[in-house]
Amino acid sequence: MEKVSHRQERFEACEALMRIDLDAIAANWTSVKRFTADCEVASVVKADAYGLGLAKVSKRLFAAGCRTFFVALGIEGLALRESLGSEVAIYVLNGFDRTVCDDFVAAALRPVLNDSEEVSLYAQMPSMQAVGAALMVDTGMNRLGVSLSEALSMGPLPRGCELVLSHLIEPERIERASNARQKERFAQLDDHFTGFKASLSSSGGVGLGRDFVRDLVRIGIGLYGVRGRGFPGAVHQSVQVEAPVLSLRSLARGDTVGYQSTYRADGPMRVATLGVGYADGVSRNASSGIGGEPRGFAAFRGVRLPIVGRVSMDSTVVDVTRLDANEIRRGERVELLGPTIDLAEAAELCGEVPHSLLTRYGYSRIRRVYTSGADHGQA
Ligand SMILES: *Cc1c(COP(=O)(O)O)cnc(C)c1O
């Protein structure tokens with residue numbers, strides 16, 4: 001019988017694809033490494049490496065030199081340990097529970113301790129202490145972590161817990177006072193604990209200054225192609241999404257497009273129906289707004305094409321009036337993310353963040369294809 005993979009390749013021309021450039025991801029890691037010099041650059045590969053594929057992405061990052069990884073779940077940690085072997089440190093952001101202690105120990109997963117109960121549990125378990133852990137201290141997020149006052153009233157860090165974390169609320173807004181406030185709160189721990197490594201910043205915080213970088217940075221979205229504010233190094237796009245044109249049609253004034261007739265043509269126009277929808281990861285929030293204003297775009301040969309009407313499960317309609325007649329044909333491939341449609345910009349326009357846009361594509365029906373760009377400098 002014919003191998004499924006061959007048949008799959010034949011079908012690719014008719015489907016939406018997500019192209020992932022692993023060399024770009026590696027080059028982005030190297031770029032942060034160069035900028036932060038002696039600081040450790042840890043890769044955040046939770047949620048299947050933001051939807052791009054945990055095994056492929058983490059192996060490429062390992063080859064680039066990364067030795068510390070963060071995942072969210074223990075089960076993600078197990079998968080990562082299996083693909084990378086014993087040489088890397090793996091931290092589990094959502095922590096652990098009594099029921100999974102043995103699994104954490106067996107796979108040498110280090111939990112991030114997120115509240116005082118979890119700290120006590122860890123302190124009772126010598127086998128876990130031999131593996132290690134990190135302590136999350138809440139400096140304002142009110143999500144996870146022991147409070148600053150709890151941390152300041154703790155004795156020494158539990159054995160094996162040599163990394164102390166906090167997380168910034170809005171690093172992408174340099175001007176916000178919250179950044180300096182969180183940094184100062186975090187710095188109070190320097191006089192309290194001894195012999196630990198400190199980590200305050202995710203991708204967004206790296207460009208805020210040396211005192212935000214500390215000993216270890218946790219880079220997620222920056223690896224996948226989004227530039228943090230103030231970060232001067234190179235950042236390469238790692239993801240492109242494309243879809244085929246299924247059909248083209250002309251509309252007259254008054255014609256409507258799609259479910260619930262939310263878009264009405266106010267004059268003659270031409271539209272193309274693309275074979276990509278919300279089941280492939282397009283955000284339904286990218287549907288056009290009440291007055292027809294665009295909240296999402298596709299692009300063809302560098303020309304931006306506004307999404308019109310509601311995004312459907314398997315298709316999305318775009319306005320191609322700006323293209324010359326016959327310039328675009330059935331079967332042609334159109335960009336949803338890539339050189340013309342920037343990830344961060346696309347996310348903002350439809351009320352998402354780059355992280356949610358990527359995981360939306362990554363956890364959908366869309367097929368991932370891996371490429372190696374190779375022209376991103378020495379990675
Ligand atoms: C997800 C996460 C990160 C990575 O954030 P990016 O914005 O993707 O760089 C870092 N630290 C913690 C605690 C996180 O939850």
Practice prompt. Check whether any side-chain N or O of E335 sits under 3.5 Å from a backbone N or O of Q240 as a donor-acceptor pair, and report yes or no.
Written response: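 Side chain of E335 to backbone of Q240, a donor-acceptor pair under 3.5 Å: no, none is there.
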Discussion item. Quick one: does any side-chain atom of Q129 pair with a main-chain N or O of A123 as donor and acceptor, under 3.5 Å?
Written reply: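 At least one qualifying donor-acceptor pair exists.
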Worksheet item: Does any non-hydrogen side-chain atom of F193 lie less than 4.5 Å from one of P156?
Response: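 No; the side chains remain at least 4.5 Å from each other.
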Worksheet entry | Any side-chain heavy-atom pair of D138 and L148 under 4.5 Å |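 No; the side chains remain at least 4.5 Å from each other.
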If we ignore angles and hydrogens, is there a donor and acceptor under 3.5 Å between the side chains of [X] and [Y]?
X: R60; Y: S58; answer: no
X: E170; Y: S178; answer: yes
X: D319; Y: T321; answer: yes
X: T68; Y: E40; answer: yes
X: S315; Y: T273; answer: no
X: Y91; Y: R110; answer: yes

Identify whether the distance between the nearest side-chain nitrogen and carboxylate oxygen of [X] and [Y] falls below 4.0 Å.
X: R98; Y: E117; answer: no
X: R210; Y: D38; answer: yes
X: K56; Y: D48; answer: no
X: E242; Y: R333; answer: yes
X: K183; Y: D211; answer: yes

Practice prompt. Assess whether side-chain hydrogen bond (donor to acceptor under 3.5 Å, both in side chains) is satisfied between Y259 and R310, documenting all intermediate values.
Written response: CA-CA 6 Å; Y259 286 119; R310 291 263 160 90; over 6 Å; no
Worksheet item: In this structure, which one of D324, V320, L323 forms a side-chain contact (heavy atoms from CB on, under 4.5 Å) with V303?
Response: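 Only one of D324, V320, L323 forms a side-chain contact (heavy atoms from CB on, under 4.5 Å) with V303, namely L323.
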Item to complete: Would you please classify the geometry between the F104 ring and the F96 ring as parallel, tilted or perpendicular, with 30° and 60° separating the classes?
Response: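 Correct class here is tilted.
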Worksheet item: Hey, which of Y224, F70, Y361 is the one that makes ring-ring contact (aromatic ring centres under 6.0 Å, His included) with Y50?
Response: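 Output: one option passes, namely Y224.
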Fill in: Pairing residues for F35 by the ring pair (Phe, Tyr, Trp, His ring centres under 6.0 Å) criterion, not counting sequence neighbours
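F35 satisfies ring pair (Phe, Tyr, Trp, His ring centres under 6.0 Å) with F231 once adjacent residues are dropped.
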Worksheet item: Considering all heavy atoms of both residues, which atom of S199 and which atom of L216 are nearest to each other, and what is their separation?
Response: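 Of all heavy-atom pairs spanning S199 and L216, the closest is OG-O, 2.8 Å.
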